[in-house]
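For reference, the structure is listed below as structure tokens.
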Amino acid sequence: MEFSAKQIAEFIQGTIIGDENATVHTFAKIEEGIPGALSFLSNPKYTSYIYDTKSSIVLVNKDFEPEYEISTTLIKVDNAYESLAKLMTLYEMSQPQKSGISSLASIADNAKIGEGCYIGPFTCIEEGVEIGKNVYIHPNVTIGNNVKIGDNCILYPHVTVYHDCKIGNSCILHAGAVIGADGFGFAPTPDGYEKIPQIGIVILEDRVEVGANTCIDRATMGATIIKKGVKLDNLIQVAHNVEIGSNTVMASQVGIAGSAKVGEWCMFGGQVGVAGHIKIGDKVSVGAQSGIPGNVKSGTTLMGYPAIDPKQFARSAAVYKKLPDMYSELGKLQKDIEELKKQINK
């Protein structure tokens with residue numbers, strides 16, 4: 001399927017610079033552009049590629065002004081990256097989708113399946129499950145007893161949703177995600193560790209996306225809650241009774257310990273660790289590999305372990321690499337001081 005620059009500009013409310021009849025049928029990175037491809041430029045680091053790219057159309061921000069001649073057609077928009085996302089969503093929706101329920105799926109007699117759903121082979125849907133409209137369930141998914149799933153969700157292969165958990169509308173669970181496994185609760189006894197039953201659930205509100213092999217544990221009591229619009233990357237661990245506020249995003253390998261509360265619109269880099277039973281405010285940004293041992297106020301930016309102000313962390317890091325030389329110099333100064341003491345005491 002082909003789209004012209006004119007059609008694209010009308011859809012994303014952009015301004016065309018060049019040939020409005022230029023057409024595209026695929027997407028490509030600007031540095032790997034080919035004829036018939038749509039690319040975008042939002043990061044200034046890639047500006048040099050726009051003068052040589054072979055892509056037929058390039059989305060750019062409205063403030064972009066070329067320094068040299070450009071052969072490709074430009075479409076100027078308020079936000080090139082956001083406009084690209086809209087176009088890619090449109091492209092994905094235009095692709096043919098499977099429909100119907102595979103004869104190889106195992107579905108309990110009292111399960112309720114909404115209209116327009118696809119359920120792939122070897123999926124297991126257990127007693128009392130309720131699934132909304134237009135839900136796309138890939139092969140080998142397991143959905144436990146009494147799970148409720150809203151409309152327009154996608155569950156990729158090997159997703160497991162444990163019993164009684166609730167998933168809202170327009171959620172995406174990527175391959176291998178586990179929703180509702182037992183929280184890590186054990187009571188020490190003279191004979192070892194006694195397992196504490198985890199009788200709570202997990203609630204994913206609307207528009208939550210969970211990355212591949214990410215695990216969200218069920219609550220000991222009550223619910224582990226992931227609020228609307230949260231985006232979790234691959235390989236994240238969310239422990240029992242955690243609450244993550246709306247529109248917060250977390251990169252790969254973040255770990256959130258039990259009963260921590262994370263606010264709205266937070267951004268966590270990869271491998272951030274959060275201690276249990278603490279509260280993190282809204283709009284908190286945390287750099288990769290940082291450790292958060294205590295409460296954090298809203299609007300704070302942190303980096304390091306333990307996490308501190310990024311400027312302090314940068315100064316500390318600059319000193320850290322000098323520590324061997326400083327230690328050696330300190331040793332020399334100590335010897336000099338000892339010599340001075342001996343001379344004074346003579």
Side-chain angles (χ1 to χ4, degrees), residues 1-95 170 172 174 207-209 211-212 228-234 236 246-254 264-272 282-288 299 301 303 310:
M1 185 178 295
E2 284 192 339
F3 297 92
S4 70
K6 184 177 180 180
Q7 289 173 314
I8 293 169
E10 288 175 353
F11 181 73
I12 58 176
Q13 297 180 329
T15 301
I16 300 171
I17 308 297
D19 181 9
E20 69 173 18
N21 296 315
T23 59
V24 293
H25 61 270
T26 189
F27 294 86
K29 295 188 289 185
I30 192 168
E31 66 271 31
E32 299 174 357
I34 58 174
L38 173 75
S39 299
F40 80 106
L41 173 65
S42 64
N43 189 329
K45 293 180 180 179
Y46 293 86
T47 299
S48 61
Y49 292 109
I50 200 168
Y51 302 107
D52 300 316
T53 187
K54 303 300 182 184
S55 291
S56 300
I57 300 174
V58 178
L59 305 180
V60 296
N61 293 331
K62 281 185 175 179
D63 59 359
F64 173 73
E65 293 297 336
E67 297 179 5
Y68 312 104
E69 185 178 350
I70 293 178
S71 60
T72 187
T73 294
L74 304 181
I75 300 179
K76 290 191 171 187
V77 291
D78 290 331
N79 186 315
Y81 193 67
E82 183 179 308
S83 295
L84 178 75
K86 290 179 180 178
L87 291 172
M88 294 185 79
T89 299
L90 178 66
Y91 176 81
E92 187 176 57
M93 291 173 61
S94 69
Q95 301 303 303
S170 302
I172 300 174
H174 287 280
R207 305 190 315 279
V208 169
E209 183 159 351
K228 63 181 181 180
V230 168
K231 312 299 180 188
L232 303 179
D233 198 1
N234 304 331
I236 286 175
S246 60
N247 300 305
T248 284
V249 294
M250 297 181 178
S252 181
Q253 298 183 10
V254 167
E264 301 178 349
W265 292 101
C266 294
M267 299 179 69
F268 288 10
Q271 297 186 335
V272 167
D282 300 334
K283 297 182 179 179
V284 171
S285 297
V286 186
T301 299
M303 185 177 291

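All values below were derived from every heavy atom in this structure, side-chain atoms included, with hydrogens, water molecules and symmetry-related copies excluded.
Under the side chain to side chain contact (heavy atoms under 4.5 Å, CB included) criterion, Leu90 pairs with Phe11, not counting sequence neighbours.
Interatomic distance, Lys29 NZ to Glu32 CD, rounded to the nearest 0.5 Å: 4.0 Å. Annotation: the span from Met250 atom CE to Cys266 atom SG amounts to 7.0 Å, rounded to 0.5 Å. In this structure, Ser48 OG and Tyr68 OH are separated by 10.0 Å, a value rounded to the nearest 0.5 Å. One finds the CD1 atom of Ile57 at 10.0 Å from the CG atom of Leu74 (value rounded to the nearest 0.5 Å). Put simply, CD1 on Ile12 and OG on Ser83 are 4.5 Å apart, with the number rounded to the nearest 0.5 Å. To the nearest 0.5 Å, atom CD of residue Glu67 and atom OG1 of residue Thr47 are 8.0 Å apart.
Enclosure of atom CD in Glu2 by more than 12 non-hydrogen atoms of other residues, nucleotides or ligands within 6.0 angstrom is indicated. More than 12 heavy atoms of other residues, nucleotides or ligands sit less than 6.0 Å from atom CZ of Phe64. Atom NZ of Lys231 has more than 12 neighbouring heavy atoms from other residues, nucleotides or ligands inside a 6.0 Å radius. In this structure, Lys76 places its NZ atom where more than 12 heavy-atom neighbours from other residues, nucleotides or ligands lie under 6.0 Å away.
A heavy-atom distance below 4.5 Å is not found between the side chains of Phe40 and Leu87. By the 4.5 Å heavy-atom criterion applied to side chains, Asp282 and Trp265 are not counted as neighbours. Put simply, the side chain of His174 reaches to within 4.5 Å of the side chain of Glu209, judged on heavy atoms. A heavy-atom distance below 4.5 Å is not found between the side chains of Leu232 and Val208. In this structure the side chain of Asp78 reaches within 4.5 angstrom of the side chain of Lys62, judged on heavy atoms. Asn21 has its side chain out of reach of Ser4: every pair of non-hydrogen atoms, C-beta onward, lies at least 4.5 Å apart.
Across Leu59 and Ala80, no two heavy atoms sit closer than the pair O-CB, 3.9 Å. Of all heavy-atom pairs between Ser252 and Asn234, the closest is OG-O, 3.1 Å. The minimum heavy-atom distance between Ser55 and Gly33, with the atom names listed, is OG-CA, 3.1 Å. Annotation for Ile50 and Val58: closest pair CD1-CG1, 4.0 Å, computed over non-hydrogen atoms. Taking all atoms of both residues into account, the shortest heavy-atom contact from Thr73 to Asp19 is OG1-N, 3.1 Å. For the pair Gly14 and Ile75, the tightest heavy-atom approach, listed with the atom from each and the gap, is CA-CG2, 4.0 Å.
A donor-acceptor contact shorter than 3.5 Å links the side chain of Asn43 to the backbone of Lys45. Within the 3.5 Å criterion, the main-chain N or O of Tyr49 finds no donor-acceptor partner in the side chain of Thr53.
Using a cut-off of 4.0 Å between Lys/Arg side-chain N and Asp/Glu carboxylate O, Lys228 and Glu264 are scored as not salt-bridged.
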Step by step, work out the side-chain contact (heavy atoms from CB on, under 4.5 Å) result for Tyr51 and Ile70.
-> CA-CA 5 Å; Tyr51 302 107; Ile70 293 178; 3.7 Å; yes

